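What you see is a predicted model, and the numbers here were worked out from it, not measured in a lab.
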Amino acid sequence: MSLSCTAKREWRKLPVPLSELHINTVLRCGQSFRWRKNGNEWSCALSARILTLQQTPTHLLYHAIPFSPPGHPTTEDLLRDYFQLNISLSDLYKKWAAADPHFQRISSSFGGIRMLRQDPWENLVSFICSSNNNISRISGMVQGLCTEWGAPLGSVDIPSPVDPEDGMPLEEKTVAYYDFPPPEKLCGDEVEGRLRKLGFGYRAGYIVETARMVNDKGLDWLVGLRERPYQEVKEELVKLKGVGPKVADCVALMSLDKKGAVPVDTHVLQIAQRDYGFGKTKNKTLTTKTYDAIGEHFRNLWGEEAGWAHSVLFTADLKSFSEQLVKTKTETTSVSVKKERVVVKNETGTGTGVEKETPGEVKEQTRTTKRVRVKVEVKKEVNEEVNDEVKEQMWDDDVNGVPSSLAERVKRRRR
DNA sequence: ACTGTACCTGGGCA
DNA sequence: ATGCCCAGGTACA
C-alpha cells in the first residue's frame, strides 16, 4: 500500500443541482455496488484512482488520488462521463411525467436519479452476482472479489468521528481501495474455489466461465457493444454464462448506452402488476413473452429512454428507501389514488401470460402508509433551505434519523 | 417452445 | 429453536 492520504484535500467542484443528480440516492440504488459512504463523503475506486464526492444543493464536490492517473481521463472528464452530465435529467422527468401520471406522482419525491455510465466488465460481473440475491450481499461479494484480485490503489484515512454523547473521538479507520480486476485475472483454475470461499455460491462458476469467454473475445469486444444496436447487444450478452435476459438488460442499460433497455426483475414485475395493470403471472419465473411485453409497455409509455425512467420507479420501490423512512415519526395517514387504465397489448392474440385487468372502470386503490411517509420525508430533505457551505449539510439524510454515518455505526458497535 | 426445479448464502420471520 | 421465504435470475432437463 504505497499511498496513504493524510494530506489536506483540495476539493474542486462542478455546478450540478440536486434535480439533475442526487448522489445519496444514485450511489446506493443498486446500479454500482462499490461506493462507500463515510460521513458525508462517498468514495469508490474508479478508473485507476480513489474518487471521493460530496454534494451540496448546487454543486458536486470532488477530489481524487491520484488526480489524473496516466493513461486515464482527468477526474473532471471522468465525472462528466460517469454521471452523463451532458444529459438533462429534468427535461426527461418532464417528458415522462407528462406521459404518465403515476410516474409524476412517484418522481416528485425521487429527483436526481440518473443512470451511471459504468465500466462494462465490472457491471457485467456485478450483475452476474445479482441473481437470486440482495444488494447487501452483492456489495460484499464484489468488494471481496476486488480485494482478492484487484490492483491496490491506496488507502484513505477516515476522519475520526466524534461521539455525539460525550464529545470524545471514536476509533479511526483506514480503508483500502482496489481496482476491479480485469477478465484475465479471473480465468485461472483456482479462481472458482476461491470465489466460493468468498461466498459467491453457484455464481462462482458463472464468473470464471464468463471471464474466459470475455478474455477470448477481448475487452474491446465488450466495450465495442456500445456502438451496436440494442437487440444485437442483448443477443451477444445472453451467450455469456450466468447472463439471462434480466442481467443482459442491466448491462445494456448501465454500461452499454442502451437507454431503452428495461431490466424486468421481481420489483419491476410487481410495479407492472400493481401500478400498470399487468395481471398476476402463474409461474414464479417470468416467461420470455411476459418479460418482453413489460419492457415494450414501458418503452411505448416513456419513450426511448424507458430504462432511465424505470430506474426512478425501481429505486422508489426499493426496501432500503422506504424502510429508512418508516423509522421517522410521521403521521400515519392513508390516501387513495386513482389507478390508470392500462390496456396490455397482446400481439400474438393467444395470450402473453398477461391478463387484462377490467379496463372498463377506473378503480380506486389504497396505498400503504409506508409510501406516504416516503413522500413526506424526501420532500423535507429536498426543500431544506441551506447555504452553500460544505459543512452545513442539512440536506443530508443523516440528519433525518438514518443511522448511516460512520459515527452512528461506530457507536452502535460499541453498545 | 414451454414449464418446473435446483442452486449458494444470509437475514427476517413465525 | 428450526424451517421457510425472500433477495434486482439462470441453467438445465
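B/dT5 and C/dC4: their P atoms are spaced 16 Å apart (whole Å). Comparing C/dA13 with B/dC8, their P atoms are spaced 15 Å from each other, to the whole Å. Taking the P atoms as reference points, B/dT3 lies 26 Å from C/dG8, given to the whole Å.
Residue A/K241 places its side chain closer to C/dA11 than to any other of B/dC7, B/dT3, C/dA11. Between C/dA7, B/dC8, C/dT10, one nucleotide has an atom nearer to the side chain of A/T266 than all others, and that is C/dA7. Residue A/K289 places its side chain closer to B/dC2 than to any other of C/dG8, B/dG10, B/dC2. Residue A/T285 places its side chain closer to C/dT10 than to any other of C/dG8, C/dT10, B/dT3. Set against B/dC8, C/dT10, C/dG8, the side chain of A/N134 has C/dG8 as its closest nucleotide. The side chain of A/D265 sits closest to C/dG8 out of B/dT3, C/dG8, B/dC7.
Applying the Watson-Crick and G-U wobble criteria (two distances, each under 3.5 Å), C/dG8 pairs with nothing in any strand. Applying the Watson-Crick and G-U wobble criteria (two distances, each under 3.5 Å), B/dC8 pairs with nothing in any strand.
A/Y291 and A/D265 share no donor-acceptor pair across their side chains, judged by distance under 3.5 Å alone. For the residue pair A/H102 / A/Y276, a side-chain donor-acceptor distance below 3.5 Å is found, with atom types taken as modelled. Residues A/S136 and A/S139 have side chains that never bring a donor and an acceptor to within less than 3.5 angstrom of each other. Counting only N and O atoms by type, the side chains of A/S107 and A/R105 include no donor and acceptor under 3.5 Å apart.
Between the C1' atom of B/dC7 and the CD1 atom of A/I207 lies a distance of 14 Å, rounded to the nearest Å. Separating the OH atom of A/Y291 from the P atom of B/dT3 is a distance of 18 Å, rounded to the nearest angstrom. One can place CG of A/N132 at 15 Å from P of B/dT5, the figure rounded to the nearest angstrom. Taking atom CG of residue A/L240 and atom C1' of nucleotide C/dA11, one finds them 14 Å apart after rounding to whole Å. Residue A/Y202 contributes atom OH, which lies 10 Å from atom P of C/dA11 at whole-angstrom precision. Separating the CG atom of A/D292 from the P atom of B/dA1 is a distance of 14 Å, rounded to the nearest angstrom. Regarding A/L237, its CG atom lies at a distance of 15 Å from the C1' atom of C/dT10, rounded to whole Å. Residue A/R203 contributes atom CZ, which lies 9 Å from atom C1' of C/dA7 at whole-angstrom precision.
Judged by the 6.0 Å distance and 45° axis criteria, A/R12 is positioned over the aromatic ring of A/F67.
Side chain A/K246 to base C/dG8: a donor-acceptor pair is found below 3.5 Å.
Note on A/V268: nothing from the nucleic acid sits closer than 4.0 angstrom, heavy atoms only. Across all strands shown, A/Q31 has heavy atoms under 4.0 Å from base atoms, whether or not it also approaches the sugar-phosphate. Among the protein residues, A/V264 comes within range of no part of the nucleic acid, since none of its heavy atoms lies under 4.0 Å from any strand. Across all strands shown, A/M141 has no heavy atoms under 4.0 Å from either base or sugar-phosphate atoms.
The aromatic ring centres of A/H310 and A/F298 sit 6.0 Å or more apart.
Taking the six-membered ring where tryptophan is involved, the planes of A/Y93 and A/W96 are tilted, since the angle between them lies from 30° to 60°. Ring planes of A/W35 and A/Y82: tilted class, angle from 30 to 60°.
Taking the nucleotide of DNA chain C with the nearest heavy atom to each of A/G242 and A/K284, the more 5' of the two is matched to A/K284.
A salt bridge links A/K241 with A/E209: the closest approach of a Lys/Arg side-chain nitrogen to an acidic carboxylate oxygen falls below 4.0 angstrom.
Within the 4.0 Å cut-off from OP1 or OP2 of B/dG11, not a single side-chain nitrogen or oxygen of A/R137 is found. Between A/N283 and B/dG4 there is a side-chain polar atom (N or O) within less than 4.0 angstrom of OP1 or OP2.
Sorted by residue number, the members of residues 121-131 of chain A with any non-hydrogen atom under 4.0 Å from DNA chain C read A/S130, A/S131.
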